[in-house]
Amino acid sequence: MRVGLVQLQVCDDPAVNLPVTLSFIRAAVAGGAGFVLTPECTNALSSNREHQRRVLRAEDDDPTLAALREEAARLGIWLLIGSLGLLTEDADGRFANRSFLIGPDGSIKARYDKIHMFDVNVSETEVYRESAGYRPGQNAVLAQTPFGKLGMTVCYDLRFPYLYRALAQAGADVLTVPAAFNHITGQAHWEVLLRARAIETGCYVIAPAQTGFHPESHGNGRRTHGHSLVVAPWGEVLADGGTEPGVVFADIDLAQVAAARGKIPSLTHDRGFSGP
């Protein structure tokens with residue numbers, strides 16, 4: 001299976017971002033990809049909650065989701081929409097950060113709402129409180145595809161290895177980590193965390209990312225790290241998207257999952273313990 005990772009540099013306007021996303025998906029398919037993945041916040045990236053309430057839509061009304069489902073069916077591909085910001089019916093008005101797996105018939109095969117919220121103090125000038133705008137998900141998701149079982153995660157989930165271990169022990173062969181990773185933490189931690197999750201689980205880890213500066217019409221914008229990665233089950237980096245928008249390709253072979261786990265079957269070696 002050839003995978004194509006779409007690396008985006010979105011703004012805060014879904015209508016501007018959609019045609020760019022569609023063009024990169026078509027380029028991925030032209031390059032031979034049967035499974036195409038986009039990053040977190042595919043429809044828009046913004047920290048202004050009032051602006052988001054104006055431009056985001058509920059799942060049933062979201063034009064980005066509708067267009068990408070139609071395109072997946074037209075191209076006959078599996079498509080992971082890394083995530084979309086969506087309106088919800090929550091009383092507190094928080095959004096969903098939801099990842100979608102789309103089948104080659106255009107149907108939604110799986111949904112995953114990001115569990116872990118990015119509430120951090122990166123520096124004195126970069127403070128994030130994702131939970132103020134987004135509600136956390138509650139459920140881990142494992143999806144069946146013709147090319148193996150897919151464990152779905154999003155961005156900050158990457159720092160919580162127990163989620164990935166649970167997905168792998170439930171049967172995941174491939175773990176997806178679409179992201180809009182901060183440019184400071186990304187430089188320090190992105191690659192090493194992705195490689196660690198692959199090594200710990202014996203899974204392929206596929207991580208399409210946002211990159212560069214993301215302008216906002218109602219704010220200063222933010223920077224993301226880029227470097228969309230594909231990591232093999234033994235920990236080798238098979239593809240790195242660098243820092244420019246575009247598409248990066250890798251070929252995956254599930255025999256490598258069995259080979260890595262056969263050498264080090266640590267997923268079967270859990271032991272109970274007491275303390276601390």
Side-chain angles (χ1 to χ4, degrees), residues 1-5 33-37 39-40 78 80 82-83 99 101 103 109-116 136-179 181 185-186 188-209 227-241 248-276:
M1 166 67 73
R2 170 159 283 197
V3 299
L5 285 68
F35 181 30
V36 180
L37 305 90
E40 182 182 26
W78 286 85
L80 182 91
S83 83
S99 186
L101 179 65
K109 301 299 185 182
R111 298 170 177 82
Y112 167 72
D113 282 9
K114 183 179 180 179
I115 292 173
H116 300 97
Q138 303 293 327
N139 301 308
V141 174
L142 187 67
Q144 181 67 59
T145 74
F147 47 88
K149 292 183 179 179
L150 201 72
M152 298 171 65
T153 73
V154 175
C155 200
Y156 191 54
D157 285 334
L158 182 59
R159 294 184 182 273
F160 300 88
Y162 52 76
L163 173 59
Y164 295 85
R165 187 170 189 83
L167 289 167
Q169 289 180 325
D173 306 294
V174 177
L175 301 167
T176 55
V177 194
F181 223 76
T185 60
H189 301 152
W190 172 245
E191 180 177 322
V192 70
L193 286 172
L194 290 168
R195 294 184 68 194
R197 297 297 87 84
I199 293 165
E200 291 164 352
T201 63
C203 289
Y204 279 96
V205 173
I206 307 178
H227 292 282
S228 298
L229 290 186
V230 180
V231 185
W234 199 244
E236 314 97 307
V237 174
L238 302 182
D240 185 330
V248 61
F249 297 94
D251 295 314
I252 65 173
D253 175 6
L254 290 191
Q256 297 304 311
V257 174
R261 293 176 179 175
K263 294 175 184 176
I264 303 180
S266 61
L267 290 175
T268 66
H269 290 167
D270 291 273
R271 288 184 56 80
F273 51 85
S274 59

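The side chain to side chain contact (heavy atoms under 4.5 Å, CB included) test with Tyr112 singles out one residue from Leu80, Leu150, Asp157, Thr176, and that residue is Asp157.
Of all heavy-atom pairs spanning Ala172 and Gly151, the tightest one is CB-N, 4.0 Å. Here the closest heavy-atom approach between residue Gly235 and residue Ile199 is recorded as CA-CG1, 3.7 Å. Scanning all heavy atoms of the two residues, the minimum distance from Met152 to Leu101 falls at CE-N, 4.0 Å. For the residue pair Ser83 and Glu40, the shortest heavy atom distance occurs at OG-CG, 3.2 Å. In terms of heavy-atom proximity, Leu163 sits nearest to Ala140 at CD1-CB, 3.8 Å. Here the shortest heavy-atom pairing between Trp78 and Pro146 reads CZ2-CD, 3.3 Å.
Side-chain atoms of Asp173 come within 3.5 Å of backbone N or O of Lys149 as a donor-acceptor pair. For Ser228 (side chain) and Leu5 (main-chain N/O), no donor-acceptor pair under 3.5 Å exists by modelled atom type. Arg2 places no side-chain N or O within 3.5 Å of a backbone atom of Ala250 that could act as its donor or acceptor partner. For the pair Glu236 (side chain) and Val231 (backbone), a donor-acceptor distance under 3.5 Å is absent. Without hydrogens or angle criteria, Ser266 side chain to His269 main chain gives no donor-acceptor distance under 3.5 Å. Listed for the Trp190 side chain is a donor-acceptor partner under 3.5 Å among the backbone atoms of His227. Side-chain N or O atoms of Arg261 include one that pairs as donor or acceptor with a backbone N or O of Thr201 at under 3.5 Å.
Inter-residue side-chain proximity for Val230 and Val205 is flagged as unmet; no heavy-atom pair is nearer than 4.5 Å. Leu37 has its side chain within reach of Ile206: a pair of non-hydrogen atoms, C-beta onward, lies under 4.5 Å apart. Side-chain contact between Ser99 and Arg111: absent, with no pair of heavy atoms (C-beta onward) separated by less than 4.5 Å. Proximity of Ile115 to Pro136: side-chain heavy atoms (C-beta onward) are nowhere separated by under 4.5 Å. Between Pro233 and Cys203 the shortest side-chain heavy-atom distance does not fall below 4.5 Å. Looking at heavy atoms from C-beta onward, Val3 lies in side-chain contact with Ile252 at the 4.5 angstrom threshold. Contact check for Gln138 versus Asp113: no side-chain heavy atoms found under the 4.5 Å cut-off.
Taking CG of Leu254 as the start and CD of Gln256 as the end, the distance is 9.5 Å to the nearest 0.5 Å. Arg165 contributes atom CZ, which lies 4.5 Å from atom CD of Gln169 (distance to the nearest 0.5 angstrom). Distance CG/Leu142 to CG/Leu167: 6.5 Å, rounded to 0.5 Å. Distance check, rounded to the nearest 0.5 Å: OG1 of Thr153 to NZ of Lys114 gives 9.5 Å. Remark: Leu193 CG to Leu229 CG distance equals 11.0 Å, nearest 0.5 Å. Rounded to the nearest 0.5 Å, atoms CG (Asp251) and CE (Met1) are 10.0 Å apart.
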Walk me through it: do Tyr156 and His189 pass the test ring-ring contact (aromatic ring centres under 6.0 Å, His included)? CA-CA 11 Å; Tyr156 191 54; His189 301 152; over 10 Å; no
Would you check, one step at a time, whether the test side chain to side chain contact (heavy atoms under 4.5 Å, CB included) holds for Phe249 with Leu238? CA-CA 9 Å; Phe249 297 94; Leu238 302 182; over 6 Å; no
Verdict with reasoning, Phe181 to Leu158, per side chain to side chain contact (heavy atoms under 4.5 Å, CB included): CA-CA 10 Å; Phe181 223 76; Leu158 182 59; 4.1 Å; yes
Hey, mind stepping through Arg159 and Thr185 against side chain to side chain contact (heavy atoms under 4.5 Å, CB included) and telling me if it holds? CA-CA 11 Å; Arg159 294 184 182 273; Thr185 60; 3.7 Å; yes
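Separation of the Tyr164 and Phe160 ring centroids does not fall under the 6.0 Å cut-off.
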